Structure formats: structure tokens, C-alpha cells
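Counting starts at 1 for both ligands and their atoms, in listed order. Quick caveat, the model's predicted, so the values are computed rather than measured. Just the heavy atoms: all of them, side chains too, but no hydrogens, waters or symmetry mates, feed the values below.
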Amino acid sequence: MFDLENSVRENIKCLTPYSSARKEFGGAARIFLDANENSFGSPLERNYNRYPDPLQIKIKEIIAEQQNVKPNEIFVGNGSDEAIDLLFRIFCRPQKDNVLICPPTYGMYEVSAGINDVETKRANLTKDFQLDFEAINGAIDGNTKLIFVCSPNNPTGNLMKREAILEFTRTFDGVVAVDEAYIHFSPRNSLVSEINNFPNLVVLQTFSKAWGLAGLRIGLAFANEEIIEFFNRVKPPYNVSQIAQQATLEALKNKAAVEKMIVEIVSECKELVENLKAFSFVEKIYPSDANFILVKTTDANSIYKFLLDEQIVVRNRSNVELCANCLRVTIGTYEENENLLKALEKYEKSFIH
Ligand SMILES: Cc1ncc(COP(=O)(O)O)c(C=O)c1O
């Protein structure tokens, strides 16, 4: 059974977190002379001379209401990549503990493990890209502190079975981090609603995908308040900039626009899949619950290079486990997808016939 006290690294439990000026005094005052800011202003039309809210309270209050959780069950980070890194820092002792990943999956889990000097164990997905619990149980050991489950998974696009994730989480001694970066494109429910039923469940989401705000760098982690408290202790004091916070607050007022884009992207996805099926070099298009598709081709390297010459960049995933000859294609606008299809017609004419 998971026990938070035993799972968090000793040095993190003992840590006295940095107490920033804006954390010590977050109220209203007439004059702020506490943070060594430049009181004269910024060399811009708008002033950014004051440090931002270290705990992003306004953003959390809105998201809490939208997702039916409490503000202190949310961590806001500089992209969800920050949350991924913090999970290692909180739970994994360098050179002692390990993390389990289920390839093919998002590459940053392993990179973050490497940066934190934590061993990565692997249990490949099954042929239909679901979690292989026999392989997972065979790979984990007493020092496996963290498992990443990406659902919908990057690069395969499919959701993992919800009940299977929860059943595993119930018995696992470490933290299960379910990365829902692409969940907004899926008709299925997020696991955020389960964070209080599972003390070891952390759900990651991001504003970089459906919300269309990759440039702002805003990611989220949802978990019970004890785990979120550790995120807050370990994160840099002002991890989300003022500009990013302001723009996120603006965006949150416009959820309808996001919902409209999601409908359009899902519809474009169906259209693109139908059109791609017609090409002789397309062997398989895997079902997707995300804003990209994984396409198995007869020769991914040559298609990839051809598209590059046409100034179209897709992601070549050929060298990734279970993805031989696969390209990952993000769903673009109608025009972008048309351009892609035209380029592929050209490829077919020049190389196949
Ligand atoms: C599964 C998954 N998680 C997380 C991220 C990173 O998200 P962010 O932009 O919030 O750091 C990505 C980005 O591609 C992703 O595919």
C-alpha cells in the first residue's frame, strides 16, 4: 500500500522551502519595498516590474470550479514538463530509485529521469497499445517510486483502459502519474475526479494542446493536497510568469472557443484519416483520441524526407518501440491538411508508380 510519508525523499520532507517576498506578504499594500523589484517600472508599454503570484491563486480558483476539485489540489507549472520533473525530485532518490515507463510513450519521462539520475525501467505496451500488466509487474521492484501512464498516449493516440489503471493504482506502492495532455480531445472522462479516491494518483494536464497555449508554458498537476503541498515546496518560487498568468486567465474566460476548436480538430482528424487510407503506402492508421494520428507506412524515412523537401514537418517515430515505419502526424487546419495530402499525392506519383 502507498504511504506518502515513506515515499517522499527524506531531504524533501526535511526541506525548509524558500520563502519568497510575495509568499510572505500576499495582501494589498500601498507601497511594496520588500522584493528588490524596480519600483520605477518596465521599459515596455505594460509594467512587469512586480513578481507574479507564486501560487497562481486566481487561475487555480477557476480551474478548481471547472474540474470540481479544490484549489489546493492543483499545481500550476511552467508546462507539464515542470510537473514531470518535480515528481522525480519529490519521490525518486538519485542512483537508488527507479521509474517505470511504458514505451512507446512521451520521451520526456525518460529524459527527466536521466537528468535526475534515476534509472528508467520499461514495460512495453501490448500490440494493441494497452498497458501490459504482466510486463509491468515483472519490471517493477521495491525501489520503483513512479510510473507514468500516458492516456491518450503519445505517440499512439489511444486511451488506456480506465479501470485497469485504477486497479493497478490501488495496489501499487508508488505514485501513478497519468499524463492527460490530450484528454480534451477524447470523449472519455478524465481521471481528475479520482484524486481523492487514490492517495498515489497524480493527473497531469496542459494548456499546450487543446487550449492552444503551448507558447505560454502552462501545465497542471492534480492530486490530493498533501502531494500538491510537496510540489509547492520544491518548485521555484515564481515558476509561472506574469504574462503567462494573465493570458491564461483571459483564455479561461473563453472556454467556448476551445470547445469549438476541439470539434473542428476532431472532424479534421476523421477527414484526414479517410483521405490517408487511399494511399498505397499507408498500411495502417491507428485509432486516435488525440490531435494526432500514428500512421504506419511502407517507408517512413523516405516519406519523412520527401515531406521535408515540401517544407512539411511530421514526426518520424520509426526508431521507437512498436512503431517501425510510423509517422506521427498532428492534425492541422483544413488548408494544412490539404497541403499535406497534395504533397503525399506527389510522393505516390513519383515513388510508387
Ligand atoms: C504526453 C505529453 N505530456 C506532456 C507534454 C508536454 O506538455 P507541456 O507543453 O505542458 O510541457 C507533451 C508535449 O508534447 C506530451 O505529448
Side-chain angles (χ1 to χ4, degrees), residues 56 59-60 63 67 74-89 99-113 115-116 120 122 125 129-131 146-160 165 175-186 188 190-192 201-223 231 235-236 239-241 243-245 247-248 251-252 258 262 265 269 286 288-294 313-317 320-323 326-332:
Q56 309 94 18
I59 293 176
K60 287 178 185 170
I63 294 172
Q67 304 238 23
I74 306 170
F75 162 78
V76 181
N78 182 22
S80 46
D81 285 341
E82 182 180 16
I84 293 168
D85 177 62
L86 289 176
L87 282 167
F88 284 103
R89 297 196 199 198
V99 60
L100 182 106
I101 62 167
C102 304
T105 195
Y106 181 46
M108 266 312 280
Y109 311 139
E110 190 168 8
V111 173
S112 220
I115 291 167
N116 286 288
T120 299
R122 318 163 83 81
L125 297 176
F129 297 147
Q130 285 297 320
L131 297 171
L146 196 53
I147 291 188
F148 281 98
V149 174
C150 191
S151 178
N153 185 41
N154 175 5
T156 58
N158 62 297
L159 282 157
M160 300 297 147
I165 299 173
V175 167
V176 178
V178 181
D179 187 342
E180 294 188 338
Y182 300 96
I183 194 71
H184 308 101
F185 299 105
S186 146
R188 294 262 294 282
S190 153
L191 284 176
V192 167
L201 178 65
V202 175
V203 179
L204 306 176
Q205 291 187 2
T206 180
F207 279 79
S208 298
K209 309 296 174 182
W211 279 84
L213 297 171
L216 288 184
R217 311 304 302 129
I218 298 277
L220 305 172
F222 298 86
F231 273 87
K235 78 178 183 70
N239 59 326
V240 179
S241 77
I243 296 185
Q245 292 196 40
T248 304
L252 281 165
V258 177
I262 292 171
I265 290 167
C269 181
Y286 293 94
S288 174
D289 277 302
N291 66 335
F292 57 84
I293 42 175
L294 189 69
V313 199
V314 297
R315 198 84 197 263
N316 189 353
R317 298 282 77 186
V320 169
E321 292 95 332
L322 310 180
C323 291
C326 284
L327 297 172
R328 194 194 68 193
V329 181
T330 305
I331 310 304

Q) Does a side-chain N-to-carboxylate-O contact under 4.0 Å join Glu110 and Arg122? A) yes
Q: Could you check which of Tyr106, Phe207, Trp211 puts a non-hydrogen atom nearest to atom 12 (C) of ligand 1?
A: Tyr106
Q.
With a cutoff of 4.0 Å, is Lys209 in contact with ligand 1, counting heavy atoms of the residue only?
A. yes
Q) From Cys102 SG over to Glu321 CD, what is the distance, rounded to the nearest 0.5 angstrom? A) 11.0 Å
**Q.** Numbered atoms of ligand 1 (with element) below 4.0 Å of Ala181, judged on heavy atoms
**A.** 1 (C), 2 (C), 3 (N)
Q | Contacting atoms of ligand 1, where contact means under 4.0 angstrom from a heavy atom of Cys150 | A | 1 (C)
Q: May I ask you to identify the nearest protein heavy atom to atom 7 (O) of ligand 1, giving residue, atom name and distance to one decimal place in Å?
A: Ser80 OG, 3.0 Å
Q) What's the shortest heavy-atom distance between Asp179 and Ile84, and which atoms? A) OD2-CD1, 4.3 Å
Q. Ser208 to ligand 1: N or O pair under 3.5 Å?
A. yes
Q. Under 4.0 Å from ligand 1, counting heavy atoms only, is it the side chain of Asp179, its backbone, both or neither?
A. side chain
Q | Min N/O separation Tyr182 to ligand 1 under 3.5 Å | A | yes
Q. Going from CG on Asp81 to OH on Tyr106, what distance comes out if it is rounded to the nearest 0.5 angstrom?
A. 3.5 Å
Q. Rounded to the nearest 0.5 Å, what separation is found between the CZ atom of Phe231 and the CG atom of Leu87?
A. 4.0 Å
Q: Taking only heavy atoms of Arg217 into account, list the atoms of ligand 1 that are under 4.0 Å away from them.
A: 8 (P), 9 (O), 11 (O)
Q: Measure the spacing between CG of Leu204 and OG of Ser151 and express it to the nearest 0.5 Å.
A: 12.0 Å
Q | Sub-4.0 Å heavy-atom approach of Ala214 to ligand 1 | A | no
